[in-house]
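First comes the structure, then the notes that go with it.
First listed ligand is number 1; within each ligand, the first listed atom is number 1.
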Amino acid sequence: MRIVVKVGTSTLAHATGRLNIRRVEELCRILSDLKNFGHEVILVSSGAIGMGVGKLALKERPRDIPTKQAAAAVGQCELMYTYDRVFQEYNHTVAQLLLTGSDFRHEDRYHNFQNTLERLLELGVLPIINENDTIATEEIKVGDNDTLSAMVATSVGAKRLILLSDIDGLYTADPHKDQDATLISEVPSLTPDIMALGGDEGSALGTGGMRTKLHAAQICTEAGCEMVILNGALPSLLYDLFDGKAVGTRFLAKSSEKEGENA
Ligand code: GLU
């Protein structure tokens, strides 16, 4: 199965912006194992800005664009250095692809991206994608990696997008504020009631939130790709998911009922 896994800053880094080594090592080990099993894995990783904040010892996530871009330039190196080193332990080669929203709108660049990604997968490489934050300004950026990962998943015909987040999945209400909130394990369709559950807050270091995740679900499910939100604090949930257990929140692909016919 071709899968895209998106990992958020809050999963990769401690609140200080420094790398959560135990988490990253566990994640890379499990993704390596999924690849060994035969799945084609594409990783969309946030963390460039967050890790730049840690490395530059900034007090908080920068608000001005030049400092954000500088932090991303520093942090992206740290991120890829780490992935390269850890995946190497399991004999997997990684590649870095940095994209902006305009790359998806520009026909030639979009095809180049698709061709490169296909070839990397054929070569057995594990592509790691992030927004090119060092050049992305408001007009050209995607803006958040939930949306970027959904755009990547649909452009390469992935069957499943998994968002690793700092929450177990989609709840009936904000679980930080409402004790009665319960986890929704399956979303057959994105009704207005479901869409209304998207808040707008991300973490202190990251960008996303439930709203961008529901937007990503719209992009994916429309294109026939299912999306799953899992808690990134427990990377082993990935094994449970592939073992067919009900974990996190699963957003069913629109065409999934036709899957049998197309197989
Ligand atoms: N591209 C940003 C980064 O690497 C993250 C965007 C997001 O968290 O959605 O820091």
Can you confirm, on distance only, whether ligand 1 has an N/O atom lying under 3.5 Å from any N/O atom belonging to Asn130? yes
If I apply the N/O under 3.5 Å rule, does Ser46 come out as touching ligand 1? yes
Under 3.5 Å, is there a donor-acceptor pair between the Tyr171 and Asp178 side chains? no
Check whether NZ of the Lys or CZ of the Arg Arg160 lies under 6.0 Å from the centre of the six-membered ring of Phe242 and within 45 degrees of that ring's axis. yes
Could you tell me whether Arg2 and Glu118 make a salt bridge, using a distance below 4.0 angstrom between a side-chain N and a carboxylate O? yes
Checking Asp180 against Thr182: is there a side-chain donor and acceptor pair closer than 3.5 Å? no
For ligand 1, which is the ligand I care about here, please tell me if Gly50 has any N or O atom under 3.5 Å from one of the ligand's N or O atoms. no
Asp133 to ligand 1: N or O pair under 3.5 Å? yes
Asp144 heavy atoms, cut-off 4.0 Å: which ligand 1 atoms fall inside? 9 (O)
Determine, using ring centers only, whether His39 and Phe37 are less than 6.0 Å apart. yes
Under 3.5 Å, N or O to N or O, is Asn145 touching ligand 1 that way? yes
Take Asp84 and Thr93, measure what side chain to side chain contact (heavy atoms under 4.5 Å, CB included) needs, and give me the verdict at the end. CA-CA 7 Å; Asp84 193 28; Thr93 301; over 6 Å; no
Please confirm whether Gly47 comes within less than 3.5 Å of ligand 1 when only nitrogen or oxygen atoms on both sides are compared. yes
